[in-house]
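Here is the naming used below: chain letters follow the sequence lines, and residue numbers restart at 1 for every chain. In this text the structure is predicted, and so the values were computed from the model without any measurement.
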Number of protein chains: 2
Amino acid sequence: MQLHIEASNGIPIYEQICRQVKFAIANKALQVGEHVPSVREMAGRIAVNPNTVSRAYRDLQTDGVLIPIRGTGLAVTPEAPAKCNAERLDLIRDRLRIVLAEAHHNQITPDEIRQLVESELHRLESLDADNSLKPVTTGETA
Amino acid sequence: MQLHIEASNGIPIYEQICRQVKFAIANKALQVGEHVPSVREMAGRIAVNPNTVSRAYRDLQTDGVLIPIRGTGLAVTPEAPAKCNAERLDLIRDRLRIVLAEAHHNQITPDEIRQLVESELHRLESLDADNSLKPVTTGETA
DNA sequence: CCTAGTGTCCTATCACGATAGTACAGTAGT
DNA sequence: ACTACTGTACTATCGTGATAGGACACTAGG
């Protein structure tokens, strides 16, 4: 259960938390019945206000993904994996749709879009390669 | 010079205006020396507050894309086409990068991403086809 | 019982994007 | 000169995302 929060990529922090918890469940990094990190611990871990985490967890309860266990914490519901699996690609599709629509509105051709996508995919892969080659170093070259 | 403003796709309205003016220049829908629609007219056209348009135009001046002609309006600078052409793909690439990074962080595979992209591209094309088949109708089916 | 840990609720404050309305300096056309 | 435009500036207000800090009810473990 490790979250990647981006200070601002346009998505509110509480929503980023929601999305990533769902991804974690879809990817089986979080199992049914397992407790999600406590509000205060998660807040400390990702350097964010506890209220913001609480807001995210509240939304996840509304979605039926988490269930409160009084005085103990929040557990992943039995229905969660199915829901999160179903949502897995939709969460990305919705974001992707906005970007591609903008591109299309502004006469970026499908081939140009494909080229951008491929170059970004390669970029992500090479970032992975770098990280696996030197997993400990902090990245300084000098 | 026709803008597509989305109430909220995460990008502030004033920034959407900026981007689309740049795209219009890159696509030669706006020529050097030509005046951009007046603050008040643009505001009326896209149903937005004049201050918001003004903010966008101010940013475009800072970027050297527009130059004020006192009492007359804002004109496209001679340097603008080069700048906007250079930025054309970058504006999309930056947005795309955020989405693909999120997908990648959450174990969406490159092939799944490619499939999403292709299905969205086809979707955009079929929307175009619909619009060109019935370009006049307002869309009511009953 | 008591303590430390849960989630939850509440008020207050701040930044930012957006709106509303007003005002002013400059220019073009009559 | 007068009028109708231009851009620009200013204050005030609103909603939302986020922070800060305090308070409460509950539960597990000693």
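C:dT8 atom P lies 14 Å from atom CE of A:Met42, rounded to whole Å. Atom CG in A:Asn49 sits roughly 12 Å away from atom C1' in C:dC14 (whole-Å rounding). Between A:Asn51 atom CG and C:dC14 atom P there is a gap of 17 Å when expressed in whole angstrom units.
The residues B:Arg114 and B:Asp111 are annotated as salt-bridged, a charged nitrogen and a carboxylate oxygen being separated by less than 4.0 angstrom.
Residues A:Tyr14 and A:Thr52 approach most closely at CB-O, 3.7 Å, considering heavy atoms. Contact record, B:Arg45 with B:Pro37: NH2-CG, 3.5 Å, taken as the closest heavy-atom pair. What you find for A:Cys84 and A:Lys22 is that their closest heavy atoms are CB-O, 3.4 Å.
Both A:Ile113 and B:Leu89 are assigned to one and the same hydrophobic cluster, defined by single-linkage of ILVMFWY side chains at heavy-atom distances under 4.5 Å.
Ranked by how close their nearest DNA chain D nucleotide is to the 5' end, A:Thr52 and B:Tyr57 are led by B:Tyr57.
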Produce a footprint string for nucleotides 24-30 of chain C: one letter per nucleotide, 5' end first; B if the base is under 4.0 Å from any protein heavy atom, S if only the sugar-phosphate is, - if neither.
--BSS--
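For A:Leu74, the side-chain atoms get nearest to C:dG7 when compared with the rest of C:dA18, C:dC9, C:dG7.
Across all strands, A:Gln61 comes closer than 4.0 Å only to sugar-phosphate atoms, never to a base (heavy-atom distances).
A sub-4.0 Å separation between OP1 or OP2 of D:dG17 and a side-chain N or O of A:Tyr14 is present.
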